[in-house]
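Whatever order the structure lists them in is the order used to number ligands and atoms, beginning at 1.
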Amino acid sequence: MKHARMMLGSAAALALFAAAASAADSTDPIMIPLHNWSSQIVVSHVVGEVFTSMGNSVEYVTTDSQAVYESIRLGDVSLEMEVWEGAFGASFDAAVAKGGIHAAGAHNAVTREDWWYPSWTKEACPGLPDWKALNDCAALFVTPESGGKGRFLGGPVDWLKHDQEKVDALGMNFVVVNAGSAAAIWAEIGAAEKTKTPVVVFNWTPNFAEAVWPGEFVEFPTWEAGCNEDPKVGMFPDKIYDCGNPATGYMKIAAWDGMKDKWPAAYTTLTKVSLTNAQIAEMAKLVDIDGMEPEDAAKTWMDANPDVWKAWLN
Ligand code: TMO
């Protein structure tokens, strides 16, 4: 009897072990979010294609780029391929603190997102990149609608860059206009290029734009953690938002905590993804310069870089 029970015990243990060893990914679709800038959309399709090649099913959902962290935490969305520190660090950290989401990896990239100008702007305002020099040149950026102030073209509102708060905190003679899309920013730079009209717009790196338009970021007071919440941090002791964005930011990859149990193979692959600045800029270029659809850009990139993505397979 005792012997029989032992036999049963080890058989059950063996069965459990076998189940764990061969635990297959769930057939439910892995939910991959898409946002409103090209590299994020292309890298999301690349990873989706890799998961599909492993036998997984994937579904793409277009989501707000801030609210996505709450959706991941709750398991409604499975991952996020581009967590930029400047734009999304605060929302990511808030979701991590509530629980349900973690960093599954990081790209081998250094990021910056801030006010930026093409090189011809500096010819008209030689004190750049200093923000005070920019402010002294505000008249160069006046438009018929800007009420006599300099116009800054910011990104879409969901990137939540707090540009107007920064203008107010630093006492700048600028107004912020938010672009409806990333494409509107590229159109603005392209139009200004023809007449070498000075412009200052939101831009970021890694991006295709750096290969097309030489330019520089405006140097605001150096970013310090807490600048946007604690008046004591930053240039003025009684202001928040009185500093620039991180100049050497991270780009992480986020995952729902449940992903590693529900889709263990896909999760392991996800943890191996780590792209460089050049690779991320190339993905954006395929769409924003070469005019490809993101799905085609992803396939083109994979055809050109098989050694990169095959190294992510288990
Ligand atoms: C959110 N972005 C990377 C476009 O700055």
Checking heavy-atom distances from atom 3 (C) of ligand 1 to each of Phe88, Phe202, Trp84, the winner is Trp84
What I want to find out is whether Lys232 reaches Asp242 closely enough, with some N-O distance under 4.0 Å, to be called a salt bridge.
no
The atoms of ligand 1 lying under 4.0 Å from a heavy atom of Trp37, numbered in the order shown, are 3 (C), 4 (C)
for atom 5 (O) of ligand 1, nearest protein heavy atom and its distance come out as Glu113 OE1, 2.8 Å
From the list Phe217, Phe152, Trp204, ring pair (Phe, Tyr, Trp, His ring centres under 6.0 Å) with Trp115 holds only for Phe152
Using the ring of each side chain (for Trp, its six-membered ring), is Trp84 parallel, tilted or perpendicular to Trp37, with breaks at 30° and 60°?
perpendicular
- Query: So, are Glu219 and Arg112 salt-bridged, with charged N and O less than 4.0 Å apart?
  - Reply: yes
